[in-house]
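Let me begin by presenting the structure, written as structure tokens, before commenting on it.
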Amino acid sequence: MAPPSAEVACSATLPPKVTLSPDGGMAATTLSVLTFNIEGLSWPARSGRAPSLEQIGKHLAAMRAAGTAPDVVLFQEMFSDAAKRAVLSSGYPAIDSGPRRTTRARGSTKDKLPGNSSLKRGEIGVHVYGSGLAIASRYAIVDTARRAYGRKSCAGFDCLSNKGIALARLDVPGVPSLIDIYDTHMNSRGASGAPAARNLAAHERQALEASEFIDRTHDDATPVVFGGDFNMRHSEERWGNFSRYQSLDLVHRICATPASGCDVRMSWDGDEPWMDTQDLQFYWPGDRVQIRPIRVEALFDGSPGSPQLSDHDGFLVTYELRWKASETRKDACRPIPGTLALGR
């Protein structure tokens, strides 16, 4: 089954609710982004996942019908046909997928990783699956780009999939700039089956390649959200490597500060809650539109009305977008000056 895809025109999407500051000088709206690893692996890695994946699609579709669904969903591990059907059945009008099985990794290092490659660990030089990434949006996706991580930038069983990073550029009616949304799934540790030094080096290379991709494709004039399954839980070394290449603000770090005004609706333990999860979001403002997280919560976590249907909980962040009211696009979907055409 081909990766899911859907397109919608900006003019066919409902504009968000916009509020004005007391003096009328500033306008604001919200954008909610869910990152969710749906455990869409195929046999022999997993079996019996089809019913839960079907429920994921149905649950998101029901939320959309009720007007409570996230504006954007970043999916990971969309490997099986059942997982692809789940993404499609969620009903989002705009969907784009990450690197395909045959997407070539361009500009990546050719240096060998520490240790030796192993056929038994899946390091066979051929990708069996694509990246498993998809970005679904209630708003129009007007530009896309994708990059596969290099063949020398994966370790162990992770090499069976063509992991990488994907960009979807959103046009939110009325907002004076586009919004850049990135999704990734980085190399695992123990699950990769590769020795620690080897999977650590692969993860570091992916962090560098993701940073290079964002630098090349991101327009500094636009706000950015970067989410996914980063596979950095409980790993100071991985965090150290990743942080050398990324300067984006970490949602967990900001929202863990009481002065941020961020409404934390999930259980966090310790002073560094970002160390306890694989599922993260980062963000950065644009020149004309500011962005900040105002609420974080879990979804598909087994709480009432939110069934647990994967080995990951969904991580939902609601952002406030804020700009000068005078710059609001009066004809909600008129072209935005300076838009970059990335191509597919």
Hey, is [atom1] on [X] packed in by over 12 heavy atoms from elsewhere, all under 6.0 Å?
| X | atom1 | value |
| --- | --- | --- |
| Asp271 | CG | no |
| Arg104 | CZ | no |
| Asp111 | CG | yes |

Given 3.5 Å as the limit, does a donor-acceptor pair link the side chain of [X] with the main chain of [Y], or not?
| X | Y | answer |
| --- | --- | --- |
| Arg288 | Pro176 | yes |
| Ser32 | Pro70 | no |
| Thr13 | Cys10 | yes |
| Ser243 | Gly240 | no |
| Gln206 | Ser153 | yes |
| Ser97 | Pro4 | yes |
| Arg138 | Leu14 | yes |
| Glu209 | Ser108 | no |
| Ser90 | Val87 | yes |
| Arg49 | Ile38 | yes |

Distance alone, cut at 3.5 Å: any donor-acceptor contact between the side chains of [X] and [Y]?
| X | Y | answer |
| --- | --- | --- |
| Thr217 | Tyr182 | yes |
| Ser131 | Asn162 | no |
| Thr318 | Arg295 | yes |
| Asp279 | Thr35 | no |

Answer yes or no: is there a side-chain heavy-atom contact under 4.5 Å between [X] and [Y]?
| X | Y | result |
| --- | --- | --- |
| Leu34 | Val72 | no |
| Leu74 | Val33 | yes |
| Leu31 | Ile179 | yes |
| Ile294 | Arg292 | yes |
| Leu178 | Tyr139 | no |
| Val128 | Ser161 | no |
| Leu250 | Leu280 | yes |
| Phe300 | His59 | yes |

Identified side chain to side chain contact (heavy atoms under 4.5 Å, CB included) partner of Arg85 from the options Met78, Glu54, Met1: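 Checked Met78, Glu54, Met1 against Arg85; only one passes side chain to side chain contact (heavy atoms under 4.5 Å, CB included): Met1.
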
Non-hydrogen atoms of [X] and [Y] that approach each other most closely:
| X | Y | result |
| --- | --- | --- |
| Ile135 | Ala166 | CD1-O, 3.9 Å |
| Gly164 | Thr184 | O-OG1, 2.8 Å |
| Cys333 | Ser11 | SG-N, 3.5 Å |
| Val289 | Pro223 | O-CG, 3.6 Å |
| Gln246 | Ile214 | NE2-CD1, 3.7 Å |
| Pro173 | Pro16 | O-CD, 3.5 Å |

Report whether [X] and [Y] are members of the same hydrophobic cluster (ILVMFWY, side-chain heavy atoms less than 4.5 Å apart, transitive linking).
| X | Y | value |
| --- | --- | --- |
| Leu200 | Trp239 | no |
| Val172 | Met26 | no |
| Val126 | Phe157 | yes |
| Ile95 | Val8 | no |
| Leu133 | Phe213 | no |

Residues Lys163, Gln76; criterion side-chain contact (heavy atoms from CB on, under 4.5 Å); working and verdict: CA-CA 10 Å; Lys163 285 188 171 180; Gln76 302 93 42; over 6 Å; no

From CA spacing to verdict: side-chain contact (heavy atoms from CB on, under 4.5 Å), Leu53, Ser80: CA-CA 10 Å; Leu53 291 164; Ser80 67; 3.8 Å; yes

Nonpolar side-chain network containing Leu208, other nodes, edges under 4.5 Å: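 In the cluster with Leu208 are Tyr245.
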
Option from Phe315, Tyr283, Trp274 for which ring-ring contact (aromatic ring centres under 6.0 Å, His included) with His252 holds: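 Exactly one option meets the ring-ring contact (aromatic ring centres under 6.0 Å, His included) with His252, and it is Phe315.
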
Six-ring centre of Tyr92, Arg64 cation under 6.0 angstrom, axis tolerance 45°: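 Yes, a cation-pi geometry holds between Arg64 and Tyr92.
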
Ring centers of Phe36, His312 separated by less than 6.0 Å: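 No, ring centres 6.0 Å or more apart.
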
Is [X] salt-bridged to [Y], cutoff N-O under 4.0 Å?
| X | Y | result |
| --- | --- | --- |
| Asp219 | Arg169 | no |
| Glu212 | Arg147 | yes |
| Asp171 | Arg329 | yes |

Reported [atom1]-to-[atom2] distance for the pair [X] and [Y], which is rounded to 0.5 angstrom:
| X | Y | atom1 | atom2 | answer |
| --- | --- | --- | --- | --- |
| Ser306 | Glu297 | OG | CD | 9.0 Å |
| Phe79 | Leu41 | CZ | CG | 6.0 Å |
| Gln308 | Asp313 | CD | CG | 5.0 Å |
| Glu204 | Thr109 | CD | OG1 | 11.0 Å |
| Ser211 | Phe242 | OG | CZ | 8.5 Å |
| Ser117 | Arg198 | OG | CZ | 5.5 Å |

Ignoring hydrogens and angles, write down the donor-acceptor pairs under 3.5 Å from the side chains of residues 225-238, residues two or more places apart or on other chains.
residue : atom : partner : partner atom : Å
Asp229  : OD1  : Asn231  : N            : 3.2
Asp229  : OD2  : Asn37   : ND2          : 2.9
Asp229  : OD2  : His185  : NE2          : 3.2
Asn231  : OD1  : Gln278  : NE2          : 3.4
Asn231  : ND2  : Met186  : O            : 2.7
His234  : NE2  : Asp276  : OD1          : 3.3
Ser235  : OG   : Arg238  : N            : 3.1
Arg238  : NH1  : Asn187  : O            : 2.5
Arg238  : NH1  : Asn231  : O            : 2.9
Arg238  : NH2  : Ser188  : O            : 3.1
Arg238  : NH2  : Asn199  : O            : 3.3
Arg238  : NH2  : Asn199  : OD1          : 2.9

Derivation of the side-chain contact (heavy atoms from CB on, under 4.5 Å) call for Ile254 and Phe282: CA-CA 10 Å; Ile254 298 300; Phe282 301 81; over 6 Å; no

